[in-house]
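Written out below as structure tokens is the structure these notes cover.
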Amino acid sequence: QVQLVESGGGLVQTGGSLRLSCAASGRTVSTYLMGWFRQAPGKGREFVATISWSGGSTLYADSVKDRFTISKDDDKPTLHLQMNSLKPEDSAVYYCGAKTSYFAGRYSRPADFNFWGQGTQVTVSS
């Protein structure tokens with residue numbers, strides 16, 4: 001029903017910045033909850049941030065608040081994650097996820113999201 005493709009990952013030094021993007025297929029995203037998650041080797045998939053497409057309400061993990069900003073482009077449609085003041089512990093594969101038919105509530109569990117992109121690698125050197 002929906003295809004998600006991430007881009008923008010790469011190598012960056014501690015304190016640097018990256019901007020991730022997630023292109024969503026179709027134009028049926030008006031009721032979606034969109035989010036970014038990350039997964040390091042040997043770890044589970046970790047919540048980073050979400051945004052409701054219709055209302056623009058955002059939610060951030062404590063580990064990234066005040067450093068990362070999630071945003072959306074209604075015309076593409078595309079999801080973005082601006083990552084500033086990066087730390088080595090931010091290194092992970094970052095995934096874009098979508099929860100379809102979203103109307104209300106706060107969701108931060110990977111199991112709540114039913115569509116995923118392929119992921120993009122972010123590596124922060126110390």
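From a predicted model like this one, the values you see are computed outputs, not experimental measurements. Counting from 1, the numbers follow the sequence of the chain as shown.
One distance of note links CD of E46 with CZ of R38; it measures 4.5 Å at 0.5 Å rounding. Note: K76 NZ to D74 CG = 11.5 Å, rounded to the nearest 0.5 Å. L59 contributes atom CG, which lies 12.5 Å from atom OH of Y107 (distance to the nearest 0.5 angstrom). In this structure, L33 CG and D112 CG are separated by 9.0 Å, a value rounded to the nearest 0.5 Å. The structure places OG1 of T14 at 8.5 Å from CG of L86, a figure rounded to the nearest 0.5 Å. With rounding to the nearest 0.5 Å, the separation of CZ in F115 from CG in L4 is 8.5 Å.
A98 and Y32 make their closest contact through CB-CD2, 4.3 Å (heavy atoms, listed as atom of the first residue, atom of the second, distance).
Other residues, nucleotides and ligands place no more than 12 heavy atoms under 6.0 Å from the CD atom of Q13. Residue Q121 places its CD atom among more than 12 non-hydrogen atoms of other residues, nucleotides or ligands, all under 6.0 Å distant.
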Given T123 and V12, is the side chain to side chain contact (heavy atoms under 4.5 Å, CB included) satisfied, shown in steps?
CA-CA 6 Å; T123 302; V12 66; over 6 Å; no
Give the intermediate values and the outcome of side chain to side chain contact (heavy atoms under 4.5 Å, CB included) for residues S21 and E6.
CA-CA 6 Å; S21 297; E6 303 97 331; over 6 Å; no
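Two residues are said to be in side-chain contact when any heavy atoms from C-beta on lie closer than 4.5 Å; D90 and R67 meet this criterion. Counting heavy atoms from C-beta on, the side chains of Y60 and T69 come closer than 4.5 Å. In this structure the side chain of L18 reaches within 4.5 angstrom of the side chain of V122, judged on heavy atoms.
Cation-pi contact between R109 and F47: absent, since separation from the ring centre below 6.0 Å together with deviation from the ring axis within 45° is not met. At least one cation-pi condition fails for K99 and F113: the charged atom is not both under 6.0 angstrom from the six-membered ring centre and inside a 45 degree cone around its axis.
Under a hydrophobic clustering in which Ile, Leu, Val, Met, Phe, Trp and Tyr are joined whenever their side-chain heavy atoms come within less than 4.5 Å, directly or via other members, V2 and W36 fall into the same cluster. Using a 4.5 Å cut-off between side-chain heavy atoms of Ile, Leu, Val, Met, Phe, Trp and Tyr, with links allowed through other members, L11 and L81 fall into different hydrophobic clusters.
Under the 3.5 Å distance criterion, the side-chain polar atoms of N114 are matched with a main-chain donor or acceptor of T100.
If you check the side chains of H80 and S71, you find no donor sitting under 3.5 Å from an acceptor.
Between F68 and Y94, the ring planes lie tilted relative to each other; the angle falls in the 30° to 60° range.
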